[in-house]
Amino acid sequence: MSGATEANDPRQRLNRCLAPQRWWLRGATLLAMIGVVLLIAQSWLLATIFHHWLLLWQGRESPGHPTVWLAGLAICMVLRPFLHAGREWLSRQASLRARDALRSQLLTQLGHLGPVRRQFGSDGALATQVLEQVDALDGYVSRYRVQSLLAVLVPCLIAAVVAFYSPLAAGLMLMTAPLVPLFMILVGRAAAGASQQQFVALARMGGRFLDLVRGMATLQRMGATDQAETKVAQASDAYRGRTMRVLRLAFLSSAVLEFFAALAIALVALYLGLGLLGLLPWAKAEVPVPYQGALFILLLAPEFYAPLRQLGTDYHARAEAIGAMQALTPLLEADTWQPQEAPLPPVARNVESFTVECNELSVRGEGGRLRLAPLNLTLAAGERVLVQGESGVGKSSLLHALLGFSAYQGSLEAKGCELAQWPRATWQRQLGYLSQQPPIQSGSIADNLRLAAPDKTDQELIEVLTLVGLWPILLRGNGLATQLGERGQGLSGGQLQRLGLAQLLLRDAALWLFDEPTAHLDPDAAWQLNALIGKLSRGRSVLIVSHESAGLEWVDRQIELSSKEVMTCCD
Amino acid sequence: MLRLNKTPSVEQPPTIRLRDLLLLRRGGWSLAFLLGAATLLAVIGLLAISGWFITAAAVAGTMTATAFGFDYFRPAALIRLCAIVRTAGRYGERLASHDAALGLLKDLRCRLFMALGKKPLLQAASSPSHHGTANAMHRLVTDIDQLDQVVLRALLPWGWAGLMVVVVMAGLYWLSGTLMWAALPGVLLAWLGLPLLALWRGIDQARQSAELAERRRVALIEPLAAITSLVLWGRWPEMAQRVKKWDADYLAHQERQQLLASLTTALQQVALGAAIVSVLWQAEALLAASHLTVPMLLAAVLAILALGEILAPLTHSFLALGASLAARNRLNALSEGAPRAQAAIEEVEITPPSWQLNVSQLTARLPGALVGPQRINLALKSGEILCLRGPSGCGKSTLLQVLAGELLPLSGECCLNGYPIEQWSMHNAVGYLPQQWDLFDMSLAENLRLGARHAGDSELWSVLDDLVLGTWARGLPQGLETPLGEYGAAVSGGQARRIALGRVLLARRPILLLDEPLAGLDAVTRRHVVTSLVRRAQHGILVISSHVPLELPESQVRTLYMQEDGRPRRFPPVPACLEAL
């Protein structure tokens with residue numbers, strides 16, 4: 001994406017993400033405004049009824065039909081709560097849809113990134129982004145968004161109605177109104193700052209607790225749990241002290257807002273009451289607002305401030321959403337590679353090896369940083385090559401480009417056709433890939449193998465398991481039905497890699513790419529796995545990136561990548 | 001020095017009970033309750049008195065004679081007082097309740113920590129792993145933080161609502177019994193009927209929320225780890241759809257709860273509206289009969305109106321309550337199995353002069369593992385050193401775990417000085433360094449002193465020197481006080497392993513079981529460390545598992561070779577790379 005600088009602003013991104021939901025939000029705003037109109041009607045009816053009774057009570061003639069008014073009041077009181085429920089439902093729908101769309105976008109993005117996703121965080125962190133961070137938008141969409149409109153519209157509407165009866169009371173309310181945005185900002189700043197600090201402090205204290213609980217077995221072995229408990233208590237107390245200091249300030253600013261609301265109501269009540277008594281210093285023996293109007297204004301006064309107070313409560317939702325959007329931005333803006341697919345003659349699935357040719361191939365990362373310096377490499381059909389080099393020299397970037405997950409400069413041809421012209425899925429079908437983390441899920445051995453090749457028979461599965469030397473071990477369990485735990489728990493690291501190899505064999509791809517397949521294995525297991533790869537990959541093209549070379553004596557060629565331009569090759 | 005358990009431990013009550021949440025911080029909660037009650041009284045008072053005031057003023061104003069005699073100072077002062085109490089009270093209540101909540105969380109953390117610390121390390125072969133996965137640990141922290149919500153969002157609001165309803169209804173009764181009876185059905189429905197209905201319908205759903213969220217997370221995180229291969233195989237879109245299905249399930253579940261809360265709130269407000277209309281309906285006759293004054297009637301109506309805001313949180317309380325109950329259950333399940341008070345265990349203290357470790361026909365498996373040590377026989381006595389060798393995955397670590405008394409064997413025997421190992425309180429005799437050791441986010445000295453809390457600096461330096469860490473540590477600007485960071489992030493893997501080893505050595509346990517203590521060390525360092533280990537363990541038993549030979553004379557060390565399937569092997573195997581030739 002180009003020219004994305006202003007689009008990087010999380011607020012704009014948030015707006016764009018909500019644009020398709022605007023009708024839901026408009027509907028919610030409309031229902032809320034109808035609710036306010038009903039509230040005004042309800043207040044007017046109540047004031048009218050009491051005005052009527054006051055006159056009756058004083059034995060004065062009074063026109064009107066209290067039964068009709070009462071019926072009107074009842075209708076208002078029934079409709080208003082349901083309008084509110086409707087508004088909440090519409091806002092929630094907007095939130096659900098917006099989050100769903102965003103989440104789909106993120107999942108697709110992850111599929112385009114493949115192994116390149118590592119640049120954006122660990123899998124745990126990415127999962128948190130896709131799930132929790134997206135859900136963090138909920139409060140903003142379903143509450144704050146509509147409320148921020150209401151906080152302007154409702155006071156204006158109420159002030160207009162009040163002005164009809166008493167411009168002075170409306171003026172009193174509106175006079176405090178400019179104070180409100182001011183305090184909103186203050187409250188908002190303080191609240192955002194407070195919640196930020198509190199979040200950091202909470203994370204730190206949670207981290208300390210987690211650190212100690214995780215090491216509980218060690219503490220028990222050392223007989224040191226009591227020492228650690230003192231640490232837990234100290235950390236909790238420190239956190240409590242710090243949080244309370246922050247809260248004292250944060251609550252104070254919202255208390256000021258609250259105070260204004262309460263004071264304004266009290267002032268309005270006093271003004272109206274003294275006016276009714278004819279005791280106002282500037283209007284002696286005069287009644288500026290008659291009783292009906294006075295009661296009407298009094299009933300509406302709290303509602304003038306209510307949306308603002310609610311907005312203050314919801315303010316943190318905005319900070320939370322912006323924070324979440326900020327966290328999501330790098331992943332959303334990630335420069336995923338879209339090959340310019342040209343129609344190719346249909347490629348039959350075959351195992352026939354092919355030549356891969358890199359000409360001045362280079363890969364650039366974030367901000368144009370060179371990840372892989374221009375490289376010339378020809379991988380002949382059936383050739384097996386070991387790639388080595390210091391970390392950071394671009395070994396993985398080379399694999400990512402070959403896998404079709406990353407954009408490249410220069411030329412990368414396979415079967416005499418530029419990779420960027422290949423339909424991505426067609427190209428990727430010809431590849432086998434294994435990194436240090438084999439793609440094993442919890443479930444049975446058969447489930448895992450069929451993930452790679454859905455239509456293989458049990459017999460075929462057993463054949464490949466025998467080839468990789470796992471079958472005798474599995475027979476001690478439940479054979480093909482042997483259950484593996486999370487991340488293949490139950491098998492050792494070396495055994496899991498061999499299961500990964502079995503998946504590759506089932507796919508029958510012509511080009512195998514390995515990214516440090518033995519990185520976390522002990523020397524013996526690494527040697528065995530490397531030898532096994534050699535045995536099984538005969539007749540295929542192989543590019544293996546590895547620090548080790550023990551057990552890799554079978555490769556045809558060894559390449560040392562360096563950050564300099566031209567690569568040194570040796571046999 | 002050593003304890004022998006004569007009686008097995010007994011069931012114990014759950015670590016966290018609901019009433020503890022209230023009782024642990026009784027003072028703080030009471031203060032918060034009082035301040036909150038005063039605030040709400042002021043909220044009702046402000047509305048009711050204002051209404052009464054302007055109506056009474058209107059009455060007085062029409063009769064100019066009485067207008068000047070009307071005492072407006074007292075109501076005016078009351079109105080101002082209510083405005084101030086409302087603001088100050090709410091501020092005070094929020095501070096008091098947050099202070100109590102934070103205090104409660106501290107108490108709970110400490111209590112849970114101790115309960116987890118008492119949980120035996122011994123693990124039956126069938127049970128899941130000891131302290132759960134990293135994910136479960138993370139949930140533990142969030143679960144604790146959830147518990148204060150029981151008080152903040154359920155108990156306190158219910159308490160306040162009850163009090164305010166009683167106050168308002170008493171006020172109505174004082175005005176006129178008829179009015180009270182007219183309002184009662186609506187108010188009861190709004191206060192008890194509808195919120196209890198929501199509680200009954202919603203609490204189980206709210207309990208399941210965390211579970212569904214967890215399942216959604218697992219559904220994403222597992223395929224995410226394998227995403228590259230899944231994309232190559234064309235299976236990722238399918239997996240993404242599955243994630244979306246779990247996500248939709250979770251969100252639909254949330255939506256059901258929200259809808260329930262939202263609808264009950266609407267009905268609750270309708271019920272209160274009905275109470276008001278019914279009061280007004282009855283009032284007409286009462287006013288006509290002069291049993292009631294208009295100002296008082298308005299005050300009563302406004303008071304009922306004010307109840308709306310106070311009762312609204314009740315219909316949402318099931319969300320917090322359900323989530324907290326589920327959190328409490330998870331926490332209790334996590335700390336289950338901790339032995340009861342120490343009194344139930346009869347202990348014999350003995351300090352044997354020498355040690356004998358006998359293992360016969362021992363077979364063991366970690367939960368879910370396919371391979372483990374099979375039919376192992378061993379006899380070791382004080383002063384002997386055993387080295388465990390074998391390919392990875394053959395069960396060396398499992399064997400050490402059994403010897404440390406942390407895993408029950410499937411069959412065979414493992415005895416220390418003639419008693420089965422699980423009968424010993426092992427942790428004063430055995431220094432066990434497992435494959436996964438922990439460094440804590442404390443200083444280097446504090447980490448080491450977890451092994452021996454009263455060790456002086458010279459003792460720490462001597463162990464660091466023995467493990468070839470002395471020069472490195474002296475070069476650190478803060479020396480022994482250097483913080484190691486979370487998971488020992490500030491030191492390299494090899495250093496971290498040796499610091500953990502130093503901690504075990506400082507504890508001076510007679511039996512040392514060390515899992516791969518030499519991994520990642522160069523030959524010179526390795527030799528130095530082995531010499532120190534031999535010297536420090538000369539009066540006890542030392543068992544080391546290692547990928548590399550110990551380079552000690554054969555007279556000094558015995559070696560147990562294990563095959564890939566976990567059985568012992570009589571002769572050292574031909575190295576794999578030679579075998580291939």
Using heavy-atom distances under 4.5 Å, tell me whether [X] contacts chain A through its side chain, its backbone, both, or neither.
| X | result |
| --- | --- |
| B:Val43 | neither |
| B:Gln254 | neither |
| B:Leu230 | side chain |
| B:Leu433 | neither |
| B:Ile49 | neither |
| B:Asp565 | both |

Between [X] and [Y], which heavy-atom pair has the shortest distance, and what is it?
| X | Y | answer |
| --- | --- | --- |
| A:Gln220 | B:Gly117 | NE2-O, 2.9 Å |
| B:Ile221 | A:Ala127 | CD1-CB, 3.9 Å |
| A:Leu277 | B:Ala60 | CD2-CB, 3.6 Å |
| A:Met244 | B:Leu95 | CE-O, 3.4 Å |

Residues B:Leu105, A:Tyr239; criterion side-chain contact (heavy atoms from CB on, under 4.5 Å); working and verdict
CA-CA 11 Å; B:Leu105 293 182; A:Tyr239 168 67; 5.9 Å; no
Please determine whether a side-chain nitrogen of the Lys or Arg among [X] and [Y] lies less than 4.0 Å from a carboxylate oxygen of the Asp or Glu.
| X | Y | result |
| --- | --- | --- |
| B:Lys244 | A:Asp100 | yes |
| B:Arg453 | A:Asp226 | yes |
| A:Arg248 | B:Asp99 | no |
| A:Arg214 | B:Asp438 | no |

Report yes or no: do A:Gln503 and B:Ser229 form a side-chain donor-acceptor pair below 3.5 Å?
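Note: A:Gln503 and B:Ser229 side chains miss the donor-acceptor criterion.
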Could you check whether B:Arg217 and A:Thr128, counting side-chain N and O atoms only, form a donor-acceptor pair closer than 3.5 Å?
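There is such a pair (donor and acceptor under 3.5 Å, judged by atom type) between the side chains of A:Thr128 and B:Arg217.
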Please determine whether side-chain hydrogen bond (donor to acceptor under 3.5 Å, both in side chains) holds for the pair B:Ser262 and A:Glu88, giving the CA-CA distance in whole Å, both sets of side-chain angles, and the decisive distance to 0.1 Å.
CA-CA 7 Å; B:Ser262 179; A:Glu88 288 182 337; 2.6 Å; yes
